[in-house]
Amino acid sequence: MSNTAAWENAVRRVVPYTPGEQPKNQNVIKLNTNENPFPPSPSVEKILREYDTSQLRKYPDTDSVVLVNELAKRYNVDSDNVFVGVGSDDVLSMAFLTFFGSDKPILFPDITYSFYDVWADLYKIPYKTLPLDDNFRIIKEDYNIPNGGIVIPNPNAPTGVYEDPSFFEEILKANPDSIVIVDEAYIDFGGLSCIPLTKKYPNLLVVQTFSKSRNLAGLRIGYAIGDKKLIKYMNDVKFSVNSYTMNPLSQLCGAAAVADEEYFQKNLAEIIRVREYSKERLLALGFTFTDSKSNFLFAKHNTKDAGEIFSELKEKGIYVRYWNKARIKDYLRITIGTQEEMDKLFSALEAIL
Ligand code: PMP
């Protein structure tokens with residue numbers, strides 16, 4: 001006799017996404033979740049210090065007007081072209097729920113952000129993955145097949161490989177009847193955004209986050225920019241799930257971070273500098289890697305097993321990311337930290353290799 005209760009047959013079973021480890025020990029060097037190694041803009045600290053906590057008894061602004069307006073100004077779009085959510089995971093999840101209701105499969109690369117198939121399974125969206133080529137490049141012609149939507153990160157994760165907006169324009173031209181989502185979590189680290197294309201292609205949704213280039217992973221802020229019809233449809237779904245998603249502090253701090261363009265640019269320049277320096281150091285240690293335009297490197301050692309390097313680094317208190325998965329099991333994804341953190345990583349690697 002089965003010991004499964006009848007109700008269990010009705011459970012929506014899912015295999016959840018596995019986030020990178022957030023170790024309890026604060027003394028580790030954390031290069032495993034692509035966080036920014038620097039604190040957020042000082043204007044964020046000022047808001048938190050001066051915040052009137054009595055305001056917390058009230059529900060937040062459901063429309064996040066302060067944040068939406070600041071983003072609209074920064075990206076030269078109207079406020080009704082901006083959707084905000086609790087991290088870009090929330091925004092992407094809402095976009096999947098809103099737009100991917102077709103019987104045809106949605107398309108995304110075989111090596112990509114490992115949340116896409118989780119949302120597809122959760123929302124019962126059929127999907128088809130399309131293999132990257134041997135250099136981890138997306139083959140855009142493969143996307144010229146009947147589909148229920150397309151989602152691609154640019155730069156791709158965890159490869160870091162970037163394509164120009166013209167590449168996505170070709171995909172958009174071939175797919176006027178599908179929603180195309182470009183997930184630009186890492187675009188600020190050296191790529192050109194597809195946001196300007198949203199004015200030309202009403203089926204394009206560009207998603208970005210405050211977790212990487214704006215140093216605010218802890219506040220959970222993400223956004224999407226697209227035609228106002230797309231934003232309206234997304235808000236209808238969002239308000240059918242939970243109207244009060246963004247807390248007031250995230251709204252205010254997010255707006256302040258966007259307004260501080262000088263800090264943003266200075267911070268990006270430093271991360272890009274350390275990334276290019278790290279490439280040289282890794283090369284000298286016998287690694288090869290993709291030409292990453294993100295805040296991480298996707299690197300493979302010429303002799304030593306990636307899983308072993310991962311474990312030995314962890315023992316030394318240095319966390320990087322490793323997936324024991326076909327095609328990428330020889331690679332480590334290493335977040336760009338401060339120069340000092342990276343030098344500690346290279347010393348540890350010298351000892352291990
Ligand atoms: N997209 C990609 C490609 C990512 O790597 C991440 C980070 N895990 C996200 C979206 C989600 O980031 P967040 O929810 O912190 O905005």
Side-chain angles (χ1 to χ4, degrees), residues 16-22 30-37 40 64 67 71 82-97 106-120 122 129 132 136 138 150-163 168 180-191 193-195 205-225 234 238 245-247 250-251 253-254 257-258 271 275 290 292-298 319-323 325 328 331-336:
Y17 169 75
T18 317
E21 203 176 330
Q22 294 295 112
K30 214 176 153 297
L31 306 175
N32 68 334
T33 51
N34 298 341
E35 288 144 336
N36 199 303
S64 303
L67 178 59
L71 284 166
V82 182
F83 176 92
V84 294
V86 184
S88 57
D89 282 340
D90 179 43
V91 176
L92 286 161
S93 159
M94 284 293 134
F96 272 54
L97 191 55
I106 62 163
L107 309 176
F108 49 86
D110 64 338
I111 300 166
T112 196
Y113 186 33
S114 50
F115 226 136
Y116 298 158
D117 56 351
V118 175
W119 289 314
L122 175 64
T129 59
L132 299 180
F136 293 143
I138 293 162
I150 295 171
V151 55
I152 301 175
N154 192 42
N156 196 5
T159 63
V161 175
Y162 162 80
E163 301 294 348
F168 290 94
V180 177
I181 301 176
V182 183
D183 174 359
E184 294 189 338
Y186 302 102
I187 198 67
D188 294 325
F189 301 99
S193 173
C194 285
I195 289 175
L205 189 78
V206 178
V207 177
Q208 296 195 357
T209 177
F210 282 58
S211 300
K212 324 290 176 182
S213 59
R214 295 193 188 275
N215 325 49
L216 282 173
L219 282 187
R220 311 301 299 124
I221 312 170
Y223 53 103
I225 293 180
M234 283 184 75
K238 175 232 152 114
T245 51
M246 284 206 79
N247 72 71
S250 295
Q251 296 183 24
C253 293
V258 178
I271 292 169
R275 178 183 72 206
T290 59
S292 170
K293 288 277 185 290
S294 57
N295 68 336
F296 58 84
L297 293 171
F298 196 53
Y319 285 54
V320 298
R321 195 92 196 256
Y322 173 67
W323 290 270
K325 267 192 191 167
I328 58 169
Y331 288 80
L332 295 170
R333 193 196 67 186
I334 306 167
T335 303
I336 303 301

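From a predicted model like this one, the values you see are computed outputs, not experimental measurements. Ligands are counted one by one from 1 in listed order, and the atoms in each one are counted from 1 as well.
- Using cut-offs of 30° and 60° on the angle between ring planes, the pair Y113 and W119 is perpendicular.
- Using a heavy-atom distance under 4.0 Å as the criterion, the protein contacts of ligand 1 are G87, S88, D89, L92, Y113, A157, D183, A185, Y186, T209, S211, K212, R220.
- Annotation: cation-pi pair R333/F298 absent, no NZ/CZ under 6.0 Å from the ring centroid and within 45° of its normal.
- Salt-bridge formation is detected for the pair E35/K30: a Lys NZ or Arg NE/NH1/NH2 atom is positioned less than 4.0 Å from an Asp or Glu carboxylate oxygen.
- N32 and T335 form no side-chain donor-acceptor contact under 3.5 Å, judged by distance and modelled atom types alone.
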Step-by-step side-chain hydrogen bond (donor to acceptor under 3.5 Å, both in side chains) determination, D90 to S93: CA-CA 5 Å; D90 179 43; S93 159; 5.3 Å; no

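- Between D110 and T129, the side chains place no donor N or O within less than 3.5 Å of an acceptor N or O (distance only, hydrogens not considered).
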